[in-house]
There are 2 protein chains.
Amino acid sequence: MAPKWQELADELRALIVNGDLKPGQTLPQIRDLVEQGKGSKTTVQAAYKALEAEGLIAPSRGHGTVVLERPVLKRLGTERYDKAKWRDGDEVAFIADRKASNRPYQRSDQTQTVSRVPAPAQVAEAHGLPAGAEVYARARLVKEQGRPTHTLTSYYRPEHVEGTRLVDPTPGPAGRGGGFRVLYEAGYEPDSMKEVLHSRMPTPQERELLQLRPGEPVVELHRTTYTADGTVIEYAIGVHAASRFSWEYRFQIPDSAHVQKGVPQK
Amino acid sequence: MAPKWQELADELRALIVNGDLKPGQTLPQIRDLVEQGKGSKTTVQAAYKALEAEGLIAPSRGHGTVVLERPVLKRLGTERYDKAKWRDGDEVAFIADRKASNRPYQRSDQTQTVSRVPAPAQVAEAHGLPAGAEVYARARLVKEQGRPTHTLTSYYRPEHVEGTRLVDPTPGPAGRGGGFRVLYEAGYEPDSMKEVLHSRMPTPQERELLQLRPGEPVVELHRTTYTADGTVIEYAIGVHAASRFSWEYRFQIPDSAHVQKGVPQK
DNA sequence: TAGTGGTCTAGACCACTTC
DNA sequence: AAGTGGTCTAGACCACTAA
C-alpha cells in the first residue's frame with residue numbers, strides 16, 4: 001500500500017505529463033485538496049514537495065503552485081575551445097559566438113577573483129606538485145542574462161602565469177581571449193584536454209550561489225589542459241546547474257591493436 | 001530567519017562533514033531530539049529528509065539513521081569501446097577487463113530484451129528515418145553485484161541487423177563480443193562515436209528500476225555510433241545512477257583555421 | 001517485545017503576493 | 001485585506017528491525 005501523499009503525487013504528476021496541466025498553469029490549491037478529503041494539509045504538502053523535488057513544479061507564495069517549463073539545454077561541444085577564438089587575441093570570435101546563439105552579451109555575465117592558495121589534493125596531483133604547494137586559483141561565476149549557470153575555477157602553476165595579466169588581483173572579467181590567450185602568450189599553447197564529468201546533488205552553498213531550485217542536481221567537470229609536449233598548464237573545476245547544459249564529445253573508437261594517432265594517450 | 005528544520009539540518013550536516021559522525025554511524029534518534037526541544041517530530045523529520053535528499057544519510061526503520069559512505073565512482077573512458085574487445089570475437093578481453101577491475105563476473109549482471117518498435121523522435125532523426133518508422137530496440141539492465149547501475153537501450157535500423165543473432169527474440173545476455181561484434185560481422189564496422197550527456201532527477205519508474213535512493217540524480221547518455229563512411233549504425237540511450245559513474249574524454253583542442261584530422265567532423 | 005523511522009491528522013500561526 | 005504556500009505542534013497509529 002503506497003502512502004497517501006505518494007498516491008496524490010502520482011495523480012498530480014499524471015496530469016502534468018499528460019499535458020492536462022501545462023507549463024505556467026497552477027495546480028489545485030492545497031487547502032482545496034484538503035477540503036476534498038485528499039488528506040491533511042501536511043499530507044497534501046508532502047505530495048507537492050515530492051513533485052517540487054522532481055523539478056516539475058515550483059511554489060509561489062500568495063499566488064499558487066505552477067507547472068514549470070522544461071528548459072532548453074545548452075549543448076557544450078569541444079568547438080567551444082576553438083583556437084581561433086583566443087589565439088588571435090581579438091574578441092570578434094567571442095562576440096560572433098554570442099550573437100550566433102542569440103544570447104545578449106553583458107560584461108556582468110562573468111565575475112572573477114584571483115588568489116594564491118594551497119593546491120587542493122586533486123589539483124596538486126594533476127600539476128605534479130607536492131601536497132600543499134601554492135597555485136593560482138582563478139574563480140569565475142558565470143551568469144546568463146543575470147542568472148548564474150555555473151562556477152569555474154582554474155588552477156595554474158605559479159611559474160606559468162606569474163607576471164601575466166591573469167594574476168592581476170583587480171577583480172573583473174578576463175581580458176581579450178581569456179586565460180588561454182595569456183598562457184599562449186607566455187609560451188604555453190593549449191593543445192589537448194581531458195574532461196571528467198560526474199553528477200551529484202549540490203551542497204547548500206552551491207544551491208544558494210547558483211540559485212538552484214530544490215532537487216536540482218549539478219554536474220561537476222574537471223578539465224585538464226595540456227601543451228603539445230604533455231605539460232599540464234591548467235586544471236579547472238566547474239560546477240554546472242544540471243538543467244542548463246549537456247555535453248557532447250566525438251571520438252574515434254580506439255584500437256589497442258594499432259598505433260593511436262592524434263589523441264593523447266597519457 | 002531560517003526555518004527551524006533547516007537550522008537543525010545545518011547542525012547535523014556540520015557533524016557529518018566535519019567527521020564527528022563517520023559513515024556507518026547512526027544519527028541521534030528522532031524522538032530524542034524531540035525531547036531535547038529541537039522541535040516536534042515533524043520538524044525533526046523534515047531536517048532528516050533534507051539530509052537524505054542530499055545523499056548524506058539513509059534511514060533504516062527499527063535500527064536508526066546512518067551516515068552513508070561516499071561511493072567510489074567508476075570512470076568510463078573511451079577505451080571501454082576498444083575494438084580489441086569485440087572485433088576478434090572472443091570473450092578474453094571482456095573477462096580480463098572484469099578481472100582487472102576486481103569485479104566478479106556474473107551472467108545475471110546483464111539482462112536484455114529485443115523488440116521491434118516505432119522509433120522515438122530522437123532515434124528516427126539520428127538514423128535519418130521518417131517519424132514512426134520501425135527499428136529494433138535492444139534494452140539492457142546492467143547490474144553490478146546484483147545492484148542495478150544503469151539501463152542501456154540500443155536502436156538499430158532493421159536492414160542492419162535483420163537475420164543476425166542480435167534480433168533473436170530469446171531473452172538473455174548478449175553473445176560473444178556484444179552488439180558491435182554483430183554489426184562488424186554484418187559488414188558495418190563501428191568506427192567513431194558521438195556521446196551527449198546531461199543530468200536530471202529520475203522519473204519514479206527509473207527510481208524503482210535502478211533502486212535509486214531518494215534524491216539521487218541520473219545521467220542520461222545518448223550515444224551515436226558511425227561507420228567510417230558516416231553511416232549511423234546504432235543510437236543508444238543510457239540512464240545511469242549518478243553516484244556510480246564518471247565520464248572521461250580526451251581530445252585535441254580544435255582549430256577552425258586548420259584542417260581537422262582524426263576526429264569526425266559531421 | 002521493544003525500539004526505530006514513516007505517515008497522518010487538526011489546527012495554529014507566519015511570510016509573501018495580489019488586489 | 002484576502003488568499004496563497006510554509007512552518008510548526010502534539011499526538012496517534014503503522015511498518016519494519018533486532019534482540
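For the numbers below, each heavy atom of this structure counts, side chains included, while hydrogens, waters and symmetry mates do not. Note that the coordinates shown come from a computational prediction; the quantities given were computed from them, not determined experimentally. Order of the sequence lines sets the chain letters (A, B, ...), proteins ahead of strands, with each chain counted from 1.
Between B/His240 and B/His150, the ring-plane angle classifies as parallel under the 30° and 60° cut-offs.
The closest donor-acceptor contact from the side chain of A/Glu206 to the backbone of A/Thr203 lies under 3.5 Å. A side-chain donor-acceptor contact under 3.5 Å links B/Ser199 to the backbone of B/Val218. Although no hydrogens or angles enter the test, the distance criterion places a donor-acceptor pair under 3.5 Å between the side chain of B/Arg80 and the main chain of B/Gly77.
Look at CG on B/Leu51: it is 13 Å from P on C/dG5, rounded to the nearest Å. The nearest whole Å value for the distance from the CD atom in A/Gln25 to the C1' atom in D/dT4 is 18 Å. We find that CG of A/Leu33 is positioned 13 Å from P of D/dG6, with the value rounded to whole Å. Atom C1' of nucleotide C/dG6 and atom CD of B/Glu52 are separated by 11 Å, given to the nearest angstrom.
Contact annotation: the side chain of B/Glu144 approaches that of B/Arg244 to within less than 4.5 Å [non-hydrogen atoms, C-beta and beyond].
Residue A/Gln45 has no polar side-chain atom (N or O) positioned under 4.0 Å from OP1 or OP2 of D/dG5.
Each of B/Lys49 and B/Asp32 was matched to the nucleotide of DNA chain C holding its nearest heavy atom; the match closer to the 5' end belongs to B/Asp32.
The two residues A/Ala50 and A/Trp5 come nearest to each other via the heavy atoms CB-CZ3, 3.8 Å.
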Report task. Would you please test A/Glu216 and A/Ser243 for side-chain hydrogen bond (donor to acceptor under 3.5 Å, both in side chains) and show each step? Result -> CA-CA 7 Å; A/Glu216 172 160 12; A/Ser243 68; 2.4 Å; yes

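Rounded to the nearest 0.5 angstrom, A/Leu33 CG and A/Leu27 CG are separated by 8.5 Å.
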Counting primed atoms, P, OP1 and OP2 as sugar-phosphate and everything else as base, the B/S/- map of nucleotides 9-18 of chain C against protein heavy atoms under 4.0 Å is BB----BBS-

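For residues 203-211 of chain B, proximity to DNA chain C is found at no residue, defined as any non-hydrogen atom under 4.0 angstrom from a strand atom.
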